[in-house]
> 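Below you'll find the structure I mean.
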Protein chains: 2
Amino acid sequence: MNLKELALRLGLSPTTVSRALNGYPEVNETTRARVMAAAKRHNYRPNTRAIRLATGRAMAVGHVIPLATRHEIVNPVFADFIAGAGETYSRNDYDMVLSVVSDADEETTYRTLRSKGNVDGVILHAPRLDDPRIPLLREIGLPFVVHGRSTGSATPYAWVDVNNRRAFQRATEFLLDLGHRRIALVNGLEFMDFAIRRRTGYLDALAARGIAPDPALMTSEEMTEISGHRIGARMLAQPDPPTAFLASSMISGMGVRRAIEERGLVMGRDVSVIIHDDDLSYMKNGEDVPIYTATRSSVREAGRIAAEMLLGLIAAPGQEPPHRLLEADLIIGQSTGPAPTGPAPR
Amino acid sequence: MNLKELALRLGLSPTTVSRALNGYPEVNETTRARVMAAAKRHNYRPNTRAIRLATGRAMAVGHVIPLATRHEIVNPVFADFIAGAGETYSRNDYDMVLSVVSDADEETTYRTLRSKGNVDGVILHAPRLDDPRIPLLREIGLPFVVHGRSTGSATPYAWVDVNNRRAFQRATEFLLDLGHRRIALVNGLEFMDFAIRRRTGYLDALAARGIAPDPALMTSEEMTEISGHRIGARMLAQPDPPTAFLASSMISGMGVRRAIEERGLVMGRDVSVIIHDDDLSYMKNGEDVPIYTATRSSVREAGRIAAEMLLGLIAAPGQEPPHRLLEADLIIGQSTGPAPTGPAPR
DNA sequence: AATCGGATTCAAACCGCTTTGGATGGCGCA
DNA sequence: TGCGCCATCCAAAGCGGTTTGAATCCGATT
């Protein structure tokens, strides 16, 4: 059942039927009702491909998922971010098209997406320092929103980000207030923009209390359980071990916890741990009470917001690039406590 | 730059240019070379929307991601499955469109996808027992491939699945060979088809050795760390605790491990653990040597295979639905050992 | 020399919708 | 009665490709 056929049955022209269905004013309300009814009755759905060609809009947005060729890692937060964004898209009748692409091909992908007209805009994931994709997208004129920010980028751009600096600053302050002085930072890879900001927040808080950072307490690695465990174990074996850890993700936090418990110590009593919690649906920080004290910010919510921003940008191009800074909550769990006085047990 | 304009510059008709670019035989090779060169020079890319309308094909496949409304869980294996499938799609110039949809709207989504012509086929995720989506898709005539299987489904359908039954049977046998007699099953929710099959494999292995299953050792919950921990703790506190655990995912296995260590026991020495390892890129089972003994099957590879199967189905419809059963590897890690003789320590 | 057939090329229809630029008809008003 | 103005509807021209059916060219065949 297509428009022409429906029009035929109604004894109307395709023009009128199209207008009736799309809510244009120049059609009699009685007629509109008739058309609507007939459309429903015959289960008519306009062909998306035709709409797209006729309107020149793709009614789709792209998410280009870079596959770091070296370690082939798929970022675990994607699933939730996309779930959030997806809700927004379906509500607005947009398709979400994903391109999984090795990062060598990323530039080509954007250019192709643009010239073939597959999408009306894209979300940029996992930005780095002075990310070259930002000027690229600007140059080819494809509307985009960055999930995160890119320190050093000269081009203005739209973004949605968590206030990572402030989150880690607050977390550090919280630990300092509990009396901790040796606080380890288990950070993600620092070519990623968010990792840099987190470190800055950590350093700022230390500096404000006049505490010199100890390089031996600062690491920057992939955020896996293994890596968290290795780092935790190594640091706790030091002569002057940290009494608290600040971990960039729940997963690495779990590794740290394992290292703590392996030494017969108790998390929250002997050693404190704060993690950053993306509030992933398949990785909850406890069921009712949080296990870990955490800086929490829902990545799913970020997805929703980024998607809305992008649709706005597509609808009204040429405006000043908007942005949104989300504050993370500091939620108190059972993994933190006052710094132990005296020598550590064992 | 579009086809008409390119044709104009070349002094050819759009017909010829189109044919030259698409490799049709009825065009002089000299002309073809000229056309190709001009296309490259002017950076011509045919407009996808026009191709789609003209050919009647969407050149896109859909992945409908159900969002269980109750717990709003995004399945953590999606990211990797999709990464695998995505590679296949880009190689074949197909788009991957994701619809995130609450499972109440799932039927509508499939029907809409079909009648609006957004996709040429879909991948069905997370099948349940006698899954109603299978006859639905068959009825509306949308080609599809199921990731997993659906016990009890009368309609034939295409699928790609891991041999879950056999994997868990082998894992159980392995533990039995090590002398374990009280083996706990920490299974996923058993309305999911894969969970049922895993339990069957476990039961089969026990039965083959004449061991009666103990309901107190069999659980079926969401596969989270918390849940694994709770189950592990409860079971280990029983009067006659299990000496081994079989966990349906690495995450729940991590919870079990924590419960073990909390009791001062050592995994692999006092209590054995086998997990199922989907080989997720962000959740590796150890770096060089595996930590957990595991039944391993790459979900990313499954994505690749399912995507290829679907593209095949789209290209040649009406054939007998193909399927592919992937065997899981049983890889030996450090989490298993001979059953302790005598009473458990402590 | 006339005919034939293969190799090339082209004009035009078509895919299913939107949108522009009129037509048509009824009604109020001078 | 004549005119202008709305309200309503329609024919036709796109959108940018693919594909059908036919034309043209040319060397080969008879």
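In the text below, chain A, chain B and the rest are named by the order of the sequence lines, each starting its count at 1. For the numbers below, each heavy atom of this structure counts, side chains included, while hydrogens, waters and symmetry mates do not. From a predicted model like this one, the values you see are computed outputs, not experimental measurements.
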> With B/V35 as reference, evaluate B/T16, B/V27, B/L12 under the side chain to side chain contact (heavy atoms under 4.5 Å, CB included) test and give the passing residue.
B/L12

> Given side chains that start at C-beta, do those of B/M1 and B/R9 come closer than 4.5 Å, heavy atoms only?
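They are in side-chain contact.
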
> When you measure from the side-chain N and O atoms of B/N28 to the phosphate of C/dT8, is any distance below 4.0 Å, counting only OP1 and OP2?
yes

> Are B/L326 and B/I305 side-chain neighbours, meaning at least one heavy-atom pair lies under 4.5 Å?
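Yes, at least one pair of side-chain atoms sits under 4.5 Å.
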
> What pairs with B/D95 under salt bridge (Lys or Arg N to Asp or Glu O under 4.0 Å), at least two apart in sequence or on another chain?
B/R52

> Which residues pass the side-chain hydrogen bond (donor to acceptor under 3.5 Å, both in side chains) test with A/T48, not counting sequence neighbours?
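side-chain hydrogen bond (donor to acceptor under 3.5 Å, both in side chains) list for A/T48, sorted by chain: B/N118.
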
> Between A/H323 and A/Y157 (judged by ring centroids, cut-off 6.0 Å), do the two rings come close enough to count as a pair?
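Here the rings of A/Y157 and A/H323 have centres that are no less than 6.0 Å from each other.
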
> Report the residues that fulfil side-chain hydrogen bond (donor to acceptor under 3.5 Å, both in side chains) with B/R19, sequence neighbours left out, ordered by chain and then residue number.
none

> Using a 4.0 Å cut-off on heavy atoms, which residues in residues 12-26 of chain A reach DNA chain C? List them by number, or say none.
A/T15, A/S18, A/R19, A/N22, A/Y24

> List in numerical order all residues of residues 35-62 of chain B for which some heavy atom is under 4.0 Å away from an atom belonging to DNA chain C.
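Under 4.0 Å from DNA chain C: B/L53, B/A54.
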
> Taking the side chain as everything from C-beta on, heavy atoms only, tell me whether B/T151 gets closer than 4.5 Å to B/D130.
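The answer is no, as the side chains (C-beta and beyond) never meet within the 4.5 Å cut-off.
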
> With sequence neighbours excluded, what pairs up with A/Y89 under the ring-ring contact (aromatic ring centres under 6.0 Å, His included) test?
A/H63

> Quick one, which residues of residues 1-11 of chain A touch DNA chain D with a heavy atom under 4.0 Å?
A/G11

> Can you give me the N/O atom pairs linking the protein to nucleotides 24-28 of chain C at distances under 3.5 Å, or say none if there are none?
none

> So, are A/R149 and A/D161 salt-bridged, with charged N and O less than 4.0 Å apart?
yes

> So, do A/E301 and A/D279 sit near enough that their side-chain heavy atoms are less than 4.5 Å apart?
no

> So for the helix from C/dA1-D/dT30 to C/dA30-D/dT1, with five pairs setting each end axis, what is the inter-axis angle to 10°?
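So the angle between the two local helix axes works out to 70°.
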
> For A/T30, what residues pass the side-chain hydrogen bond (donor to acceptor under 3.5 Å, both in side chains) criterion, not counting sequence neighbours?
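In terms of side-chain hydrogen bond (donor to acceptor under 3.5 Å, both in side chains), with neighbours along the sequence ignored, A/T30 is linked to A/N28.
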
> With a 4.5 Å cut-off on side-chain heavy atoms, are B/V162 and B/F194 touching?
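Counting from C-beta outward, B/F194 and B/V162 never come under 4.5 Å.
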
> What is the 5' to 3' range of DNA chain D, first to last nucleotide, that sits under 4.0 Å from any heavy atom of chain A?
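The footprint of chain A covers D/dT8 to D/dG16.
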
> Would you say B/K116 and B/R111 make side-chain contact, with heavy atoms under 4.5 Å?
no

> Which residue pairs pass the ring pair (Phe, Tyr, Trp, His ring centres under 6.0 Å) test when at least one of the two sits in residues 11-55 of chain B, sequence neighbours left out?
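Those involving residues 11-55 of chain B do not exist here.
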
> Would you say A/F78 and B/I82 make side-chain contact, with heavy atoms under 4.5 Å?
no

> Just by distance, with hydrogens left out, do B/D80 and B/S281 show a side-chain donor and acceptor under 3.5 Å apart?
yes

